[in-house]
Amino acid sequence: MRPLFGSRADVGSSALDEFRRAASYVDRILKGAKPSDLPVQTPTNFDLVIKLRAAEALGLDVPSSIRLRADEVIE
């Protein structure tokens with residue numbers, strides 16, 4: 001996941017997780033399941049991406065505890 005233009009941080013669903021779930025749906029449909037019978041699934045894995053340069057430009061300090069939890073930190 002890449003942060004939106006001008007944002008300091010973004011949290012969003014994991015693209016890899018979404019691709020895996022999509023493959024599962026395709027597999028079920030190809031095996032004969034009706035799409036209307038498949039359950040709606042919500043994301044369970046999320047990515048946190050922090051843009052340090054944007055935060056610094058706004059005078060914000062991102063604590064090291066947040067940086068350590070981030071999936072990606074962009075300098």
Side-chain angles (χ1 to χ4, degrees):
M1 180 184 144
R2 301 299 292 176
L4 298 173
F5 177 75
S7 65
R8 297 165 303 286
D10 284 316
V11 175
S13 61
S14 168
L16 182 59
D17 185 48
E18 288 189 31
F19 290 136
R20 285 183 181 146
R21 282 189 283 115
S24 172
Y25 270 72
V26 170
D27 181 55
R28 291 165 143 185
I29 292 169
L30 291 176
K31 288 180 178 176
K34 293 192 322 188
S36 60
D37 292 339
L38 296 177
V40 174
Q41 295 182 355
T42 58
T44 56
N45 296 330
F46 295 90
D47 292 335
L48 171 62
V49 179
I50 298 173
K51 287 175 64 177
L52 292 178
R53 186 177 298 165
E56 290 172 3
L58 294 170
L60 301 173
D61 182 39
V62 180
S64 60
S65 61
I66 301 291
R67 291 182 193 192
L68 292 172
R69 288 183 173 199
D71 296 292
E72 184 178 358
V73 177
I74 301 172
E75 296 294 329

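Starting from 1, each residue takes its place in the sequence as its number.
- At distances below 3.5 Å, at least one donor-acceptor pair connects side-chain atoms of R67 with backbone N or O atoms of V62.
- Taken to the nearest 0.5 Å, the CG atom of L38 stands 5.5 Å off from the CZ atom of R28.
- Hydrophobic clustering places V73 together with I66 (ILVMFWY residues linked when any side-chain heavy atoms are closer than 4.5 Å, directly or through intermediates).
- The line from CZ of R21 to OG1 of T42 is 7.0 Å long, rounded to the nearest 0.5 Å.
- In this structure, CG in D61 is found 9.5 Å from CG in L52, a value given to the nearest 0.5 Å.
- Summarising the geometry, atom OG belonging to S64 is positioned 11.0 Å from atom CZ belonging to R69; distances are rounded to the nearest 0.5 Å.
- Counting all heavy atoms, side chain and backbone alike, D71 lies closest to D47 at OD2-CA, 2.9 Å.
- For the side chain to side chain contact (heavy atoms under 4.5 Å, CB included) with E72, the lone residue among V49, I50, L48 that qualifies is V49.
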